[in-house]
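Position 1 is the first residue of the sequence, and the numbers go up from there.
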Amino acid sequence: MTLHIPFENSYARLPDRFYNRLTPVPVKAPTLLAFNDALAADLGITPGPVEEMAQVFAGNMLPDGAEPLAQAYAGHQFGGFSPQLGDGRAHLLGEVMKNDGQRLDIQLKGSGPTPYSRMGDGRAWLGPVLREYVVSEAMHALGIPTTRALAAVATGERVYRDTGALPGAVLTRVASSHLRVGTFQYFAARRDIPGLRALFEYAVKRHAPDAETPADLLQTVVERQAGLVAQWMSVGFIHGVMNTDNTTISGETIDYGPCAFMDNYHPDTVYSSIDAHGRYAFSSQPNVIVWNMAQLATALVALMPDQDAAVEEFTNIIHAMPDRIHSHWLRAYGRKIGLADATPEDESLIVDLLRLMAENRADFTNTFNALSNGAPREQFLDPAAFDTWELRWRSRIEAEDSPQDTMRSANPIYIPRNHRIEQMIQAAVAGDFRPFDRLMRVLSRPYDAQPDAQDLMRPPEPSEVVQQTFCGT
């Protein structure tokens, strides 16, 4: 095989109850749609002929050294606990070791049913595959921890959903690992203490080498997730399915199903078609991640010799998390208005701007971007409402060094707007991948003005507004 992937498969050395070994289900006529050359080079992957790569990244051929498996995990989904979930349509091919010693998973998503499929077909259709490819790479370009997209392949087969027959596709995803809060819950729910301890030791070795105790690991994950969610909030990102099985130990964004970026700002914005009660609304995300970390703490308690003392220690860690999120949030939003080091006294300035934006249906991304180019007023239905705030703001930033540079580094010009994603998907289904290629090119430089991409800054027209986003099934 010409394609070379330097596999190092530590997860496959764990006990068999951590996963099911099985190969992806072959597809009819795979075609390579996209390949991330830069990421491949970073991983030490040597590409092969296009036809060969299509076969490999569709799951029809296994690269040398791959040990495909489907991981077991549990999770709280919209608050209800499911003791067994697992990879229902994904196969972990193995891991690669980068030159810097970092170990990364390579996983096929949409590669056929597994024992965890729960009546599903194990497949994905083209739309969610391209959405995750674009949005995950856009998040990386924004500087937000995320899984990455290595390849997308059309299968040459149709998959069937409520809307009818749709073109099938497979995504190749790269992640620091696929360890989730739900992975720990899986063993804790079964009172499998040896399994839970093996998982803890594996997670420490891979993600927290300085941690000595479960409390250390919990503190590490709490800090990572606190920073991650604050970064989501700073770009108007709504995950949509913040279940514990979609919350990583590595602190990376994972599973871009019904995700979305806000256009008009409102704190209660929900896009997910399955979030009927707004559990994962934009403004709820900080509270949800604290709840999710409490579930991780609950799972880890079983490893502690003195569980009463552990409950007290873990509770203190969880109770401290909102302040950590707020600290990250204040710094991120301070930079968005030109303050390199915002203080608690600056919070009212930020909160008042957000209130005005919500009342005036101001576009989230364009309003903050306009602060650095001198034209924010036009973003407001009532521009005069902005004027009083602007006087306070300008008075505050007078003492700052290079506030414009601070804002430009914190406020993206381009985001993967929902209506552009939907237009891209519709074009791709019709066989036109030019919108996909264009989004990938522009979103790889989200902070740089690109004269030929001004239309991608535009919020949707009324006829283009995306009311709901859907899971990537």
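Residues Phe57 and Leu3 are in side-chain contact: their nearest non-hydrogen atoms beyond the backbone lie under 4.5 Å apart. Side-chain contact between Trp329 and His326: present, with at least one pair of heavy atoms (C-beta onward) separated by less than 4.5 Å. In this structure, the side chains of Met293 and Val181 come closer than 4.5 Å at one or more pairs of heavy atoms.
With respect to Pro30, the side-chain contact (heavy atoms from CB on, under 4.5 Å) criterion is satisfied by exactly one of Asn60, Val170, Thr155: Asn60. For the side chain to side chain donor-acceptor pair (under 3.5 Å) with Asn292, the qualifying choice from Thr247, Asp245, Thr244 is Thr247, the only one to do so.
The distance from atom CG of Leu218 to atom OG1 of Thr298, rounded to the nearest 0.5 Å, is 9.5 Å. Atom OH of Tyr271 sits about 10.5 Å away from atom CZ of Phe282, to the nearest 0.5 Å. If you take CD1 on Ile254 and CD on Gln107, they are separated by 7.0 Å, rounding to the nearest 0.5 Å. Between the CG atom of Asp192 and the CZ atom of Arg17 there is a distance of 4.0 Å, given to the nearest 0.5 Å. In this structure, the separation between NE2 on His277 and CZ on Phe78 is 10.0 Å, given to the nearest 0.5 Å. Distance check, rounded to the nearest 0.5 Å: NE2 of His178 to CD of Gln71 gives 7.0 Å.
Using modelled atom types, one side-chain atom of Asp306 and one backbone atom of Ala309 make a donor-acceptor pair closer than 3.5 Å. Looking only at distances, no side-chain donor or acceptor of Asp87 sits under 3.5 Å from a matching main-chain atom of His91. Side chain of Asn411 to backbone of Lys336: a donor-acceptor contact under 3.5 angstrom is found. Without hydrogens or angle criteria, Arg131 side chain to Cys259 main chain gives no donor-acceptor distance under 3.5 Å. Between the side chain of Tyr333 and the backbone N or O of Ala342, no donor-acceptor pair lies under 3.5 Å. A distance-only check finds a donor-acceptor pair linking the side chain of Thr220 to the backbone of Asp216 [under 3.5 Å]. Between the Glu157 side chain and the Lys28 main chain, a donor and an acceptor come within less than 3.5 Å of each other. Looking only at distances, no side-chain donor or acceptor of Glu422 sits under 3.5 Å from a matching main-chain atom of Asn418. Of the possible polar contacts, one joining the Asn36 side chain to the Ala149 backbone as a donor-acceptor pair under 3.5 Å is found. Using modelled atom types, one side-chain atom of Arg197 and one backbone atom of Leu303 make a donor-acceptor pair closer than 3.5 Å.
The residues Glu95 and Arg103 are annotated as salt-bridged, a charged nitrogen and a carboxylate oxygen being separated by less than 4.0 angstrom. With respect to the salt-bridge test (charged N to carboxylate O, under 4.0 angstrom), the residues Arg224 and Glu252 do not qualify. Classification of Arg148 and Asp42 as a salt-bridged pair fails, no side-chain N sitting under 4.0 Å from a carboxylate O.
For CG of Asp100, the number of neighbouring non-hydrogen atoms (other residues, nucleotides, ligands) closer than 6.0 Å is greater than 12. Under a cut-off of 6.0 angstrom, the local environment of NZ in Lys205 is sparse, with at most 12 non-hydrogen atoms contributed by other residues, nucleotides or ligands. Within a 6.0 Å sphere centred on CZ of Arg191, other residues, nucleotides and ligands contribute 12 heavy atoms or fewer.
Between Glu137 and Ser444, the side chains place no donor N or O within less than 3.5 Å of an acceptor N or O (distance only, hydrogens not considered). There is a side-chain donor-acceptor pair under 3.5 Å between Tyr280 and Asn243. Between the side chains of Arg158 and Tyr160, no donor-acceptor pair of N or O atoms lies under 3.5 Å.
A distance of 6.0 Å or more separates the ring centres of Tyr133 and Tyr256. Between Phe18 and Phe187, the gap from one ring centroid to the other is short of 6.0 Å.
Residues meeting the salt bridge (Lys or Arg N to Asp or Glu O under 4.0 Å) test with Asp448, sequence neighbours left out: Arg445. Partners of Glu201 under the side-chain hydrogen bond (donor to acceptor under 3.5 Å, both in side chains) rule, at least two apart in sequence or in another chain, do not exist in this structure.
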Donor-acceptor contacts, no H, no angles, side chain residues 260-268, under 3.5 Å, sequence neighbours left out:
unit_1: Asp263; atom_1: OD1; unit_2: Arg417; atom_2: NH1; d: 2.6
unit_1: His266; atom_1: ND1; unit_2: Asp268; atom_2: N; d: 3.1
unit_1: Asp268; atom_1: OD1; unit_2: Ser283; atom_2: OG; d: 3.4

Exercise. Please assess Trp291 against Arg279 for the test side-chain contact (heavy atoms from CB on, under 4.5 Å), listing each intermediate value before the final yes or no.
Key: CA-CA 12 Å; Trp291 193 90; Arg279 178 181 175 87; 3.7 Å; yes
